[in-house]
Visitor: 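Please read through the structure below; I'll follow up with questions.
Everything numeric here is computed off the predicted structure, so don't read it as measured data. Labels below follow one simple rule: chain letters A, B, ... track the order of the sequence lines, proteins then strands, and each chain is numbered from 1.
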Amino acid sequence: MSDKPDLNAISHDLHAVRLEKLAQLRATGEDPYREEWPQTHVSQDCAKLLPEGVEEGPEVSVAGRVVAVRVMGKASFVKILDRGGVQQCYFTRDALTDCYDTHFKKLVDLGDFVGVRGKLFRTKTGEVTVRAADYKLLAKALRPLPEKWAGLTDAEKIYRQRYLDLIVNEDSRRRLMIRSRVVESIRKFFWSRQFVEVETPVLHTIAGGAAARPFETHSNALDCDFYLRIALELHLKRCLVGGMDRVFEIGRVFRNEGVSVKHSPEFTMLEAYQAYSDYRGMMELVRSLIQTVCREVLGSTTVTRHDGVAIELGGNWREVKYKDLIIEKTGDSQWFSRTKEEKIAACKKMDLHEPRSDWEDYEVTNEVFGKLIEPTLIQPTFVTHIPKELCPLAKVTVGDESTIDVFELCINGQEIAPAYSEQNDPGVQRKMLEIQAGAEQHKIDEDFLLALEHGMPPAGGLGIGIDRLVILLTGAVNIRDVILFPTLGPDNNPV
RNA sequence: GGCCAGAUAGCUCAAUGGUAGAGCAGUUGACUUUUAAUCAAUUGGUUCGGGGUUCGAGUCCCCGUCUGGCCA
């Protein structure tokens, strides 16, 4: 190829410039998408291989994406990003006589993947660096990276093009890596307690186990409608019936409801069921779980929120009855004997939006809990003896017919984990579900009730919102910041 | 679902209703230990889409799309 390609003419079109460079590479017989490279070390290893005081280290072979290039004539510094972080490499014309000017300087761009082999040395500013004896272009990037200093800040782009966010924003990388390690640590915890992990269906003919609006879909083969699951509960209980007496699942659930800083249409739930235990046992289980995960992943049981508030997860956790919290907040020791109208009037006085008139009595009270109490529960708190209307799947408290053997674990002003003594009396369970279903009796999961009639062992059950737990452990503000690819509408501006 | 805010170069952002600019990135050149390297020159725009007002619209009005925040 003798005619010089005119990059000047197309220099405004970053994509075209890189396509032209790709064509030039191929014209010389190099296909940058078919090269191989043995990666022997990552950036983190390199620093360990060159202890303080040692000037020259062993040869390493690293690979990653070029995220910074500083060319100074016949020598250049190149930073590459791999799974361990950023590694600096030093390219010189002396060491790369045949390709430094013609290949490296002309055809390698920010964003490209390269492999670099060479001995480690320390620069005069002390940075451990690979002195390139050899390198290869491993994949050509045809699109530019975001701006090197301001990075990527547009929220829509961060979520839509998460890969760019991961390349340029170290905080995002760290947060999402923590998420991965949290899930790993949770699995190990349950395995160590002889729980088995199962996978239950996402497609349900009846969306049970929680009160939420489901997404709907259709099977052509079976010619019937399905719902995407809103909870894992009812199938895991079938596992208990089947004799899997310690069982857990980590799975995506879907709720076709509002989207907010705390709510995503699809999110990840952990549910665990332990036969012959109860909600008290679940208290020990969840506290031990969160403390273990915290120590393993963060190395500490103290976490700091984005606003600097410290949350201490170590030691024992506060335990308080739902009714006591309500009475304390409303300052009314007779709250639970007031009429609904009196409660609504009291809500107005407490600057709460007026509860809707079609609400049930317990919903008015729960509005006080949700709006005025839960957000103040920053340090870990077990809220116990919840009104029975709030969950039809738990056992009623012996000695108090109005409450159930349940706790809601609140941390960081959010409900992190509910747990119950699971209802296993098929007659009582049917009645509770019938009350909940009201006019919509067809929404009762008869197959689940049939399973209960075969006998389910007494059990404690636990649910944890993984996303919220990760928010807690990373100090994130928004649930989208701990989900790799959050749910978004269709792209307004496709390329 | 309601209200408010936003969308301008690849990225981050400017621009009284009056010629759409800057930094980085890109291109060309200088430079063998840089750390947002530096220096010189330089290319680059359907201002989210569609209507309207106006002599004139990135800017004002209406509709739509997407995003963010608050609320239900």
Visitor: Consider the side chain of A:Ser11, meaning its heavy atoms from C-beta on, and name the nucleotide among B:rU43, B:rA72, B:rG68 that approaches it most closely.
Guide: B:rU43

Visitor: Please confirm whether the shortest side-chain N or O distance from A:Lys106 to OP1 or OP2 of B:rG29 is below 4.0 Å.
Guide: yes

Visitor: Where the side chain of A:Glu147 is defined as all heavy atoms beyond and including C-beta, which of B:rU43, B:rU32, B:rG10 is the nearest nucleotide?
Guide: B:rG10

Visitor: For B:rG69 versus B:rU54, give the span between their C1' atoms, rounded off to a whole number of Å.
Guide: 34 Å

Visitor: Given the P atoms of B:rU43 and B:rA22, what is the spacing between them in whole Å?
Guide: 10 Å

Visitor: Starting from the 5' end of RNA chain B, give me the residue, A:Ala9 or A:Gln161, whose nearest nucleotide shows up first.
Guide: A:Gln161

Visitor: Can you check the distance between B:rG45 and B:rG29, where both ends of the measurement are the C1' atom (answer in whole Å)?
Guide: 27 Å

Visitor: List the steps, then state whether side chain to side chain contact (heavy atoms under 4.5 Å, CB included) holds for A:Phe369 with A:Tyr322.
Guide: CA-CA 8 Å; A:Phe369 180 78; A:Tyr322 182 93; 3.6 Å; yes

Visitor: May I ask you to say what A:Tyr100 touches in the nucleic acid, namely base, sugar-phosphate or nothing, with a heavy-atom cut-off under 4.0 Å?
Guide: nothing

Visitor: Between B:rU27, B:rU33, B:rC31, spot the one nearest the side chain of A:Lys124, thanks.
Guide: B:rU33

Visitor: Rounded to whole angstrom, note down the C1' distance from B:rU8 over to B:rG44.
Guide: 14 Å

Visitor: Just how far is it from atom CD of A:Glu367 to atom CG of A:Leu372, taken to the nearest 0.5 Å?
Guide: 8.0 Å

Visitor: Is it the case that the side chain of A:Asn478 and the backbone of A:Asp481 share a donor-acceptor pair, with hydrogens and angles ignored and the cut-off at 3.5 Å?
Guide: no

Visitor: Phosphate oxygens OP1/OP2 of B:rG26: is one of them under 4.0 Å from a side-chain N or O of A:Asn8?
Guide: no

Visitor: Using whole Å, what does the distance between atom P of nucleotide B:rG45 and atom CG of A:Asp13 come to?
Guide: 10 Å

Visitor: If you count heavy atoms of other groups shown closer than 6.0 angstrom to CD of A:Glu170, is the number above 12?
Guide: no

Visitor: My understanding is that a pair needs two contacts under 3.5 Å, Watson-Crick or G-U wobble. By that rule, which nucleotide pairs with B:rU67?
Guide: B:rA5

Visitor: Can a donor-acceptor pair be found, under 3.5 Å and without considering hydrogens, that links the side chain of A:Arg255 to the backbone of A:Pro265?
Guide: no

Visitor: Between C1' on B:rC31 and CZ on A:Phe77, what's the gap in Å once rounded to a whole number?
Guide: 13 Å

Visitor: Could you check whether the side chain of A:Thr123 and the base of B:rU34 have a donor-acceptor pair of N or O atoms closer than 3.5 Å, going by distance alone?
Guide: yes

Visitor: Atom CG of A:Leu152 and atom P of B:rU12: how far apart are they, to the nearest Å?
Guide: 5 Å

Visitor: If we call it a pair only when both distances are under 3.5 Å in a Watson-Crick or G-U wobble match, what pairs with B:rU27?
Guide: B:rA41

Visitor: Send over the distance from A:Asp112 CG to B:rA25 C1', rounded to a whole Å.
Guide: 14 Å

Visitor: Determine the interatomic distance between C1' on B:rC60 and the same-named atom on B:rG56; round to the nearest Å.
Guide: 13 Å

Visitor: My understanding is that a pair needs two contacts under 3.5 Å, Watson-Crick or G-U wobble. By that rule, which nucleotide pairs with B:rG58?
Guide: none

Visitor: Under 4.0 Å: is that the gap between some side-chain N or O of A:Thr129 and OP1 or OP2 of B:rU34?
Guide: no

Visitor: Verify the contact: side-chain N or O of A:Lys21 to OP1 or OP2 of B:rU27, cut-off strictly under 4.0 Å; return yes or no.
Guide: yes

Visitor: To the nearest angstrom, how far is A:Glu156 atom CD from B:rC48 atom P?
Guide: 13 Å

Visitor: Give one of base, sugar-phosphate or nothing for A:Val168, where a contact means two heavy atoms less than 4.0 Å apart.
Guide: nothing

Visitor: Looking only at side-chain N and O atoms, does A:Thr92 come under 4.0 Å of OP1 or OP2 in B:rU32?
Guide: no

Visitor: If we take the P atom in both B:rC63 and B:rG68, what is their distance in whole Å?
Guide: 22 Å

Visitor: Please state whether the phosphate of B:rA36, meaning OP1 or OP2, lies under 4.0 angstrom from any side-chain nitrogen or oxygen of A:Lys148.
Guide: no

Visitor: May I ask you to verify if any side-chain N or O of A:Arg480 is less than 4.0 angstrom from the OP1 or OP2 atom of B:rG69?
Guide: yes

Visitor: Say you pick atom C1' in B:rC70 and the same atom in B:rG64; how far apart are they, in whole Å?
Guide: 23 Å

Visitor: Would you say a side-chain N or O of A:Lys157 is under 4.0 Å from OP1 or OP2 of B:rG6?
Guide: no

Visitor: Considering only heavy atoms from C-beta outward, does the side chain of A:Met269 approach that of A:Arg252 to under 4.5 Å?
Guide: no

Visitor: Rounding to a whole Å, what distance do you find between A:His15:NE2 and B:rG45:C1'?
Guide: 19 Å

Visitor: Between A:Pro144 and A:Gly73, which has a closest nucleotide on RNA chain B that is more 5'?
Guide: A:Pro144

Visitor: Compare the minimum distances between each of B:rU67, B:rG69, B:rA37 and the side chain of A:Ala155, then state the nucleotide with the smallest one.
Guide: B:rU67

Visitor: Take atom P in B:rA25 and the same atom in B:rC39, then report the distance between them in whole Å.
Guide: 11 Å

Visitor: Rounded to whole Å, how long is the line connecting atom CG of A:Asn478 with atom P of B:rG68?
Guide: 8 Å

Visitor: Quick one: is B:rU32 close enough that its OP1 or OP2 comes under 4.0 Å of any side-chain N or O from A:Lys74?
Guide: yes

Visitor: I'd like to know if the side chain of A:Arg338 pairs up with that of A:Thr365 as donor and acceptor (distance under 3.5 Å, no hydrogens or angles considered).
Guide: no

Visitor: Does A:Gln88 make a side-chain donor-acceptor contact with the base of B:rU34, cut-off 3.5 Å?
Guide: yes

Visitor: Of all the nucleotides listed (B:rC66, B:rU12, B:rA72), which has the minimum atom distance to the side chain of A:Pro490?
Guide: B:rC66

Visitor: Side chains of A:Ser76 and A:Tyr100: do they bring a donor and an acceptor to under 3.5 Å?
Guide: yes

Visitor: Is the shortest side-chain N/O distance from A:Arg70 to OP1 or OP2 of B:rA37 below 4.0 Å?
Guide: yes

Visitor: Scan A:Leu488 against the nucleic acid and name what it touches under 4.0 Å (heavy atoms): base, sugar-phosphate only, or nothing.
Guide: sugar-phosphate

Visitor: Figure out the CG/P separation between A:Asp109 and B:rG26, and round it to whole Å.
Guide: 7 Å

Visitor: Taking 4.0 angstrom as the limit, do A:Lys140 and A:Glu30 come out as a salt bridge?
Guide: no

Visitor: Would you indicate what A:Arg18 reaches in the nucleic acid, counting non-hydrogen atoms under 4.0 angstrom: base, sugar-phosphate, or nothing?
Guide: nothing

